[in-house]
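Treat the numbers as computed from the prediction; the structure is a model and nothing was measured.
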Amino acid sequence: MYLQRRASLHGNYASARVPEVVELRISFESNELRDCCCTFERGEETFGTHLARTLFTIIAEAESMETAADWHDFLVHDLVACTSDAFQVDVGTEYIATFVPTGKKYDVGDDGQPDWSTVMRLKLQSITRRT
């Protein structure tokens with residue numbers, strides 16, 4: 001997105017080009033899940049101090065990436081599974097977080113799997129205890 005402003009009313013224009021900030025955005029399946037992930041005290045109550053810090057780090061790392069594919073590359077061994085409509089990330093040794101692509105501005109291959117390099121919005125669908 002570019003911003004333009006007029007320098008004067010006499011036809012002299014000055015343009016200020018500001019590049020659009022592109023980053024991965026995370027939303028949450030429920031307000032309760034959002035509170036556990038975005039309010040440290042609530043995260044501590046739900047998961048304990050260590051896992052709350054781990055979860056906060058995971059969300060911050062995700063939001064520092066440009067696309068889901070960049071985040072996948074960064075996760076390396078913490079990326080547990082990647083299916084046609086979701087992927088799972090280790091949250092410590094006890095929990096798994098499930099993310100799904102959201103929005104309509106991403107490409108889908110012939111196999112039905114999202115082109116993760118075009119996914120810029122994810123929803124944290126759940127955090128479940130490992131079985």
Side-chain angles (χ1 to χ4, degrees):
M1 181 182 293
Y2 295 100
L3 301 177
Q4 265 188 335
R5 59 189 159 97
R6 286 186 187 195
S8 74
L9 297 175
H10 301 292
N12 296 327
Y13 295 94
S15 300
R17 291 185 173 219
V18 179
E20 184 177 339
V21 176
V22 180
E23 60 187 21
L24 190 60
R25 303 230 183 225
I26 306 292
S27 60
F28 302 89
E29 182 68 27
S30 67
N31 290 337
E32 181 181 347
L33 187 56
R34 184 196 65 227
D35 292 345
C36 290
C37 296
C38 298
T39 306
F40 190 72
E41 293 78 19
R42 182 73 173 101
E44 275 187 314
E45 291 171 8
T46 305
F47 301 109
T49 302
H50 177 71
L51 285 177
R53 285 185 182 148
T54 300
L55 187 56
F56 272 61
T57 300
I58 288 169
I59 299 296
E61 289 169 346
E63 290 180 334
S64 72
M65 301 295 160
E66 288 186 17
T67 68
D70 294 335
W71 191 33
H72 289 178
D73 292 342
F74 179 80
L75 288 169
V76 186
H77 300 295
D78 291 330
L79 183 62
V80 178
C82 191
T83 64
S84 63
D85 62 348
F87 65 93
Q88 295 179 323
V89 176
D90 277 332
V91 180
T93 57
E94 299 178 44
Y95 293 90
I96 295 175
T98 302
F99 291 87
V100 296
T102 60
K104 297 179 182 177
K105 294 184 179 182
Y106 63 89
D107 298 333
V108 177
D110 294 336
D111 59 356
Q113 179 145 343
D115 175 356
W116 294 105
S117 67
T118 64
V119 175
M120 297 176 63
R121 294 179 183 268
L122 294 171
K123 183 191 312 182
L124 177 53
Q125 193 170 44
S126 64
I127 299 175
T128 55
R129 189 176 285 276
R130 288 182 180 273
T131 53

### Task
Taking side-chain contact (heavy atoms from CB on, under 4.5 Å) as the test, write out the residues that go with Arg34, two or more places apart.
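Listed in chain order: Phe28, Asn31, Cys38.
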### Query
What pairs with Ser126 under side-chain contact (heavy atoms from CB on, under 4.5 Å), at least two apart in sequence or on another chain?
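Counting only residues at least two positions away or on another chain, Ser126 forms a side-chain contact (heavy atoms from CB on, under 4.5 Å) with Thr98, Thr128.
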Non-hydrogen atoms of [X] and [Y] that approach each other most closely:
{"X": "Pro114", "Y": "Pro101", "answer": "CG-CG, 3.9 Å"}
{"X": "Leu24", "Y": "Arg121", "answer": "CD1-N, 4.0 Å"}
{"X": "Thr83", "Y": "Trp116", "answer": "O-CZ2, 4.1 Å"}
{"X": "Leu122", "Y": "Val119", "answer": "CD2-CG1, 3.8 Å"}
{"X": "Leu124", "Y": "Ile127", "answer": "CD2-CD1, 4.0 Å"}
{"X": "Glu29", "Y": "Gln125", "answer": "CB-O, 3.3 Å"}

### Query
In terms of hydrophobic clusters joined by side-chain contacts under 4.5 Å, are Phe99 and Met65 together?
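In one cluster: yes.
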### Query
Transitively linked via ILVMFWY side-chain contacts under 4.5 Å: Val100 with Leu75?
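They do not share one cluster, since no chain of ILVMFWY contacts under 4.5 Å joins Val100 to Leu75.
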Between [X] and [Y], is any pair of side-chain heavy atoms under 4.5 Å apart?
{"X": "Arg129", "Y": "Glu94", "result": "yes"}
{"X": "Phe74", "Y": "Glu61", "result": "yes"}
{"X": "Trp71", "Y": "Val89", "result": "yes"}
{"X": "Gln88", "Y": "Cys82", "result": "no"}

### Task
Supply the atom-to-atom distance Ser64 OG to Ile59 CD1, rounded to the nearest 0.5 angstrom.
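Ser64 atom OG to Ile59 atom CD1 measures 11.5 Å (nearest 0.5 Å).
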### Interatomic distance, Leu51 atom CG to Cys36 atom SG [nearest 0.5 angstrom]
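Here the rounded value is 12.0 Å.
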### Task
Report the hydrophobic cluster partners of Phe56, with the cluster defined as I, L, V, M, F, W, Y residues connected by side-chain heavy atoms closer than 4.5 angstrom, directly or transitively.
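Noted: Phe56 shares its cluster with Phe40.
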### Task
Examine distances only and state if a side-chain atom of Thr118 and a backbone atom of Asp107 form a donor-acceptor pair shorter than 3.5 Å.
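Answer holds: yes.
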### Message
Can you confirm whether Asp111 is buried at CG, in the sense that more than 12 heavy atoms of other residues, nucleotides or ligands lie under 6.0 Å from that atom?
### Response
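Enclosed: over 12 neighbouring heavy atoms sit under 6.0 Å from CG of Asp111.
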### Query
Do Arg42 and Thr46 have side-chain N/O donor and acceptor atoms under 3.5 Å apart?
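There is such a pair between these side chains.
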### Query
Does Glu63 come within less than 4.0 Å of Arg25, counting only side-chain N to carboxylate O?
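Judged by the 4.0 Å cut-off on N to carboxylate O distance, Glu63 and Arg25 do not form a salt bridge.
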### Message
Can you classify the ring geometry of Phe87 versus His72 as parallel (below 30°), tilted (30 to 60°) or perpendicular (above 60°)?
### Response
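The arrangement is perpendicular - the two ring planes meet at more than 60°.
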